[in-house]
Amino acid sequence: MPAIVLSPVPHWTPAKPTKETLEWANLEVIDLAQARTPEGRTEQVEKARNAMHNQGFFYVINHGLDQSEVERVFDIAAVPFEQVGPEEKKRHEAKIKETGTFMGYKPLQYWHIANGVRDRIEHYNLNRNVELKPHPEAVQPLLPEIQEFIRHNHVDVLHELERLLALGLELPEETLVKIHNFEDKNNSYCRFMMYYPRPQEEEEQSEGVWLKGHPDQTTLSVLYSQPISGLQIREGDGVWRWVKHMENALVINCGDSLEMLSGGYYKSAIHRVVQPPKDQRGHKRLGAFYFCYADDDVQLEPLVESPVLQRVGVKRRAEEGKAPMMEAWRKARTAAYGTSELKKSSEHGVEEETLNGVRVRHYN
C-alpha cells in the first residue's frame, strides 16, 4: 500500500501547560502496550473495568501514535478554522436539527449556555467514512490522513479498549467489537473543535462555564490531550475536578450508550468545559476527538448475559425491551443538544429532558 503523501499545513503551537495549583482528578492510566502482552492484559482489564465503573474516565498511553504524529493531527485540526473563510464555512454548515448529525460545521453561538450567553465554540465534523459528504477546499488534500486517523481510533485504539471492557464484564472479548463495526452501518465520527476566548461580561454571566455539564451520547469518546486546561469531570462526591494534560495521551470517557449496554455498570461520565486558568486565558483552545457509536441497528439493551451483571444487578435507563436503537438515540441527542427546552430537576443545579424514553440530565 503506498504511503500517504503529507500536504503542507501551518504548524499549530498551543499555549504552555498551566502552572497553577488546581484540584486535579485522579484518573487511571491504561497502557495499550501492556494490554497486548499475556502478562499485562489481566492487569489492564482490571484497571479499565474499575475506572469505567467508578469514574467513567481514564487515560490511554502507548496508543500507536508518537508525539510528532499527534502534533500533525493538531496541525490538521486547525485547518477548518484557520484556512477556511466565512462564506465557505456557511456552505458546509451542518443541518443539525434536520438530520440529527453534526456533519460539517457547528457555527459559533449555536448552543445556549446560561443567562442568555451562547457558546463561543466552532467545530468541524467528519463521518467515519470521510467520502460521505463534500468538504472545504483546504480540507480536501488532508482527507487521506484524516481517514487513517479515524481508522486508527476506531480499530487500533477503541477495538482494543472494547475488548478490555468486555472482559471486565466477563463476556467474550469480541462482544463489544462485534457491535462496533468499521463499516457503513456505523456512524462514529471525528471532530476538530476550536474554543475562542470570551468577553469578561459573558464569563461573569455564565459563571465561567464554556460548555455545560453533560454525559456524552456515545459508547466511548476519545479526546487527544492538549495543554490548555478547561475540561472538568463531576465525580461521585459532586465535586468538579480538572483533567490534567498528559503528553501524548488520550482521554477516554464512557457515554450513555455504553452505560445502557453495560446495565449501568460502566458509568457515563458527567463533564464540562470551563474558562481556563489565568495563565492560559486569551488563547484559542484546539481539540481533536473521535466519538464512537455502536452500529445503527444495535438496540441499547443491557448485556444481561454478563456474569458481572448477574451478580450485581442491572440498572436500566429505559423499560425492559424499550431501549432505543443506536441510530434513533444518536440523532435525537444531537438534534436536541444545546437547543431544547430543559426542565429543572429536583437535584440542585440539574436540568433534564426525556429523549426516546430515556432521561438525560444536564449540569450547571
Side-chain angles (χ1 to χ4, degrees), residues 92-107 109-112 118-119 121-135 150 153-154 158 162 176 178-193 211-223 253-262 266 268-271 289-302 316-319 321-343 351-362:
H92 292 277
E93 191 171 298
K95 294 177 171 56
I96 299 171
K97 275 197 169 297
E98 297 92 329
T99 65
T101 77
F102 285 119
M103 296 311 105
Y105 284 96
K106 183 211 75 71
Q109 300 193 308
Y110 181 80
W111 294 326
H112 177 254
R118 306 192 74 80
D119 73 90
I121 305 166
E122 188 176 29
H123 53 69
Y124 189 71
N125 305 276
L126 304 94
N127 186 275
R128 180 196 54 75
N129 177 2
V130 300
E131 297 180 356
L132 282 187
K133 69 176 293 297
H135 300 281
I150 288 171
N153 282 286
H154 195 105
L158 290 174
E162 287 154 11
L176 292 173
K178 287 178 180 178
I179 59 174
H180 290 84
N181 289 285
F182 195 67
E183 58 186 41
D184 289 347
K185 62 183 177 179
N186 188 286
N187 281 281
S188 303
Y189 67 100
C190 170
R191 171 177 292 172
F192 301 133
M193 191 167 187
L211 189 63
K212 285 198 291 190
H214 63 282
D216 283 349
Q217 57 186 273
T218 55
T219 48
L220 293 169
S221 301
V222 181
L223 160 68
N253 69 271
C254 174
D256 278 346
S257 297
L258 182 56
E259 182 176 279
M260 286 189 271
L261 287 168
S262 70
Y266 294 141
S268 183
I270 306 301
H271 55 288
F289 303 79
Y290 188 68
F291 293 112
C292 191
Y293 294 131
D295 300 341
D296 273 350
D297 59 0
V298 171
Q299 188 174 18
L300 300 174
E301 284 286 328
R316 296 180 180 272
R317 297 280 297 275
E319 292 182 39
K322 295 185 178 180
M325 302 298 288
M326 184 73 257
E327 182 177 16
W329 176 245
R330 66 177 176 82
K331 288 183 174 180
R333 286 288 301 274
T334 299
Y337 185 80
T339 62
S340 58
E341 290 291 329
L342 303 176
K343 297 179 180 179
E351 299 169 303
E352 59 185 43
E353 61 187 331
T354 300
L355 299 169
N356 295 100
V358 178
R359 187 174 65 148
V360 179
R361 295 186 294 178
H362 303 262

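All of these numbers come straight from a predicted model, not from anything done at the bench.
The backbone N or O of Tyr293 lies less than 3.5 Å from a partner atom in the side chain of Asn186, making a donor-acceptor pair. Remark: side-chain polar atoms of His135 are paired, donor with acceptor, to backbone N or O of Lys133 under 3.5 angstrom. In this structure, the side chain of Trp329 engages the main chain of Gln217 through a donor-acceptor pair within 3.5 Å.
Evaluation of the salt bridge (charged side-chain N to carboxylate O under 4.0 Å, His left out) rule for Asp216 yields no partner, not counting sequence neighbours. Residues forming a salt bridge (charged side-chain N to carboxylate O under 4.0 Å, His left out) with Glu353 (at least two apart in sequence, or on another chain): none. With sequence neighbours excluded, the residues satisfying side-chain hydrogen bond (donor to acceptor under 3.5 Å, both in side chains) with Lys97 are Thr339.
In summary, the side chains of Asp295 and Asn181 do present a donor paired with an acceptor at a separation below 3.5 Å, with no hydrogens or angles considered.
Remark: of the listed residues Leu223, Leu211, Asn253, Asn253 is the sole one forming a side chain to side chain contact (heavy atoms under 4.5 Å, CB included) with His271. Partner His123 forms a ring pair (Phe, Tyr, Trp, His ring centres under 6.0 Å) with one of Tyr110, Tyr105, Trp111 and no other, that one being Trp111.
Between Lys95 and Glu98 no salt bridge is recorded (no basic side-chain N to carboxylate O distance below 4.0 Å). Using a cutoff of 4.0 Å between basic side-chain nitrogens and carboxylate oxygens, Glu301 and Lys322 are not scored as salt-bridged.
For Arg128 and Phe182, the positive end sits near the middle of the six-membered ring, less than 6.0 Å away and at most 45° from its axis. A cation-pi arrangement is not found for Arg191 relative to Tyr124, the charged atom failing to lie both closer than 6.0 Å to the ring centre and inside a 45° cone about the ring normal.
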